[in-house]
Protein chains: 2
Amino acid sequence: MTGTGKRRSQKERSAETSTRLINATIDLLHDRGLVRTSTSEIARAAGVSRGALTHHFAGREAIISASVAAMLSKATRDLHRFAETFIARGGSSDEIVDYIWQMMDDRLFYVTMEYLPEARHNPDFRAELIPTVRDFHAGLDAIWTALATRAGVEPDHARIVMNATMCLVRGMISQTVLRPNDPAYYRDMLAFWKQQVRQQFPIEAPSSHDSRLKAGAR
Amino acid sequence: MTGTGKRRSQKERSAETSTRLINATIDLLHDRGLVRTSTSEIARAAGVSRGALTHHFAGREAIISASVAAMLSKATRDLHRFAETFIARGGSSDEIVDYIWQMMDDRLFYVTMEYLPEARHNPDFRAELIPTVRDFHAGLDAIWTALATRAGVEPDHARIVMNATMCLVRGMISQTVLRPNDPAYYRDMLAFWKQQVRQQFPIEAPSSHDSRLKAGAR
DNA sequence: TCCAAGAAACAGACTTGATTGTTTGTAAAA
DNA sequence: TTTTACAAACAATCAAGTCTGTTTCTTGGA
């Protein structure tokens, strides 16, 4: 796909296999879970040998950690991109809640649930992740402070609402595991929350943007 | 401890070792995590042989599943006990939120985080848990419908607030993993939430009950 | 420009350690 | 004496790390 021609620089080869391995790792974390994600399975899913994996990553923990960091970095970039357009067009709080749900429901928090226990019990693993998580939250902050400024609300208060939103969504996705196949439940709860948030940021709706995003059907 | 005398019935012996094994399993799930909880470790922590474990439980999955179910059942019993006194004395919504936080922060949701990934990827394991989880939620319902009736609020609306509370707390405890040592953060968020819930149940505070429960310091 | 070392990227076999389920043996209660 | 509760050795599996070998690219001098 990428290298159609025969001759590729080592940097290109290296970068591609790294990416393939990392993508395969995220896929496996999501589809089969951390405990079922062995280095052999990763190599197989990436279409490379196990030797290639050990060449690029020091060990299992290293490739897991790198993959999670890559996923978080991507989410952070997306977040900043969203913040830009959001600020430019003066979006509503509903939009933010919808975006956060979409983002978290699109594998992000499912994968997070996989590695959280490991992060809890493995200090090295946790320490390596915390900076990336901080960056992610900085991205969130950019959006919410914009909303707060526009609504004339204390940034600290906006931050509480932001964090509550994140916690709520985390909890909702956690619940999908033992309460599956109930999209209406999650839709209604998100609707309730959007209404609560609206009350915290009393802004006149600038235009009727299409915020009819549905909570994913699980 | 339990059996000081020498001669005990087989039923007694059996029940005690079972309990010891289950308690040890919960302890290990909480302290070291699911992946680090081997059957040998469980037996060692329970002070019995691995043979005893295999005699009482069909395998690793069985003892994990039984232990989690036991933990949930205990939480459900506690919930019903709380509901009784809560209804009797006409407690406030703040009390409920505090109780839920306490309960979830007292190992319940930390252990839950350990097995959620397994439940997500292992249909048998999940299927065995769902009924117990349902009972647990029925216990919650008892409390919130009492509050709703007293406040003259739609039970369905109370249920949404209840579920949102559970989700929020789940998300908060999830976050403690990658945002540790910040008790003020969790305290403030819980305070914010209590205020939100209060607005949903407009009741005159019957008496100044002592609701100054602190969010656990993590 | 071409051609050798040399280095980097990859492939695959091998070793070791841990863990699970199984099985056989023993003590205690029915 | 028969069954139940427990103990401990055993066998098989599996995954992670290590190591050795092969291919592909890079580099520097003729």
Side-chain angles (χ1 to χ4, degrees), chain A residues 1-25 28-29 32-67 114-115 118 121-122 124-125, chain B residues 1-25 28-29 32-67 114 117-118 121-122 124-125:
Chain A
M1 296 287 174
T2 311
T4 347
K6 295 171 183 182
R7 200 172 180 84
R8 292 181 301 161
S9 77
Q10 301 208 136
K11 204 174 279 184
E12 282 173 329
R13 288 206 301 165
S14 184
E16 191 194 326
T17 46
S18 265
T19 313
R20 291 169 69 97
L21 283 165
I22 283 176
N23 288 338
T25 303
L28 284 172
L29 283 180
R32 303 197 197 167
L34 179 57
V35 288
R36 292 167 178 79
T37 299
S38 65
T39 53
S40 325
E41 282 290 302
I42 295 173
R44 214 163 58 84
V48 302
S49 73
R50 208 166 145 270
L53 188 153
T54 64
H55 177 73
H56 286 281
F57 299 94
R60 187 185 117 108
E61 190 174 318
I63 191 176
I64 301 281
S65 168
S67 302
E114 296 294 332
Y115 71 74
E118 182 64 20
H121 298 287
N122 183 340
D124 293 338
F125 185 78
Chain B
M1 293 289 174
T2 311
T4 349
K6 293 173 183 182
R7 198 169 180 85
R8 292 180 301 161
S9 76
Q10 297 207 138
K11 204 173 279 184
E12 282 174 328
R13 288 207 304 167
S14 184
E16 191 194 327
T17 46
S18 264
T19 313
R20 290 170 68 97
L21 282 165
I22 283 176
N23 288 338
T25 303
L28 284 172
L29 283 179
R32 301 197 198 167
L34 179 58
V35 288
R36 291 167 179 79
T37 299
S38 63
T39 54
S40 325
E41 283 288 304
I42 295 173
R44 213 164 58 84
V48 301
S49 73
R50 212 172 140 267
L53 189 151
T54 65
H55 177 71
H56 286 280
F57 300 94
R60 187 184 117 107
E61 190 174 319
I63 191 175
I64 301 281
S65 169
S67 302
E114 296 294 333
E118 182 63 20
H121 298 287
N122 184 340
D124 294 337
F125 185 78

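This one's a predicted model, so the numbers in the text were calculated from it and none came from an experiment. In the text below, chain A, chain B and the rest are named by the order of the sequence lines, each starting its count at 1.
- In this structure, B/His56 and B/Ile22 have side chains that are not in contact, with every pair of non-hydrogen atoms separated by 4.5 Å or more.
- The phosphate of C/dC10 (OP1 or OP2) has no side-chain N or O of A/Ser49 nearer than 4.0 angstrom.
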Item to check | Stepwise side chain to side chain contact (heavy atoms under 4.5 Å, CB included) test for B/Glu114 and B/Thr37 | outcome: CA-CA 11 Å; B/Glu114 296 294 333; B/Thr37 299; over 6 Å; no
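- For B/Arg60, whose side chain is taken as the heavy atoms from C-beta onward, the closest listed nucleotide among C/dC10, C/dT20, D/dA15 is C/dT20.
- Considering only side-chain N and O atoms, A/Thr17 lies under 4.0 angstrom from the phosphate OP1 or OP2 of C/dC10.
- In terms of phosphate contacts, A/His55 brings no side-chain nitrogen or oxygen within less than 4.0 Å of OP1 or OP2 of C/dC10.
- Rounded to an integer number of Å, the gap from B/Leu53 CG to C/dT23 C1' is 16 Å.
- For B/Ser40, counting side-chain heavy atoms from C-beta on, the closest listed nucleotide (C/dT20, C/dA9, D/dA5) is C/dT20.
- A donor-acceptor pair is defined here as one N or O able to donate and one able to accept, closer than 3.5 Å; no such pair exists between the side chain of A/Glu118 and the backbone of A/Tyr115.
- Toward the 5′ end of DNA chain C lies the nearest nucleotide of B/Val35, the other residue of the pair B/Val35 and B/Gln10 mapping further downstream.
- Look at CD on B/Glu41: it is 7 Å from P on C/dT19, rounded to the nearest Å.
- Separating the CD1 atom of B/Ile63 from the C1' atom of C/dT20 is a distance of 13 Å, rounded to the nearest angstrom.
- Note on B/Thr39: a side-chain N or O is less than 4.0 Å away from OP1 or OP2 of C/dT20.
- Taking only side-chain atoms of A/Val48, from C-beta outward, the nucleotide of D/dA15, C/dT20, C/dA11 with the closest atom is C/dA11.
- Straight-line distance from the CZ atom of B/Phe57 to the C1' atom of D/dA5: 14 Å, rounded to whole Å.
- For the pair B/Arg50 and A/Gly47, both in contact range of DNA chain C, the more 5′-proximal nearest nucleotide belongs to A/Gly47.
- An OP1 or OP2 oxygen of D/dC25 is reached within less than 4.0 angstrom by no side-chain nitrogen or oxygen of A/Ser9.
- With A/Arg60 as the partner, the side chain to side chain contact (heavy atoms under 4.5 Å, CB included) test is satisfied by one option alone out of A/Thr39, A/Thr25, A/Thr54: A/Thr39.
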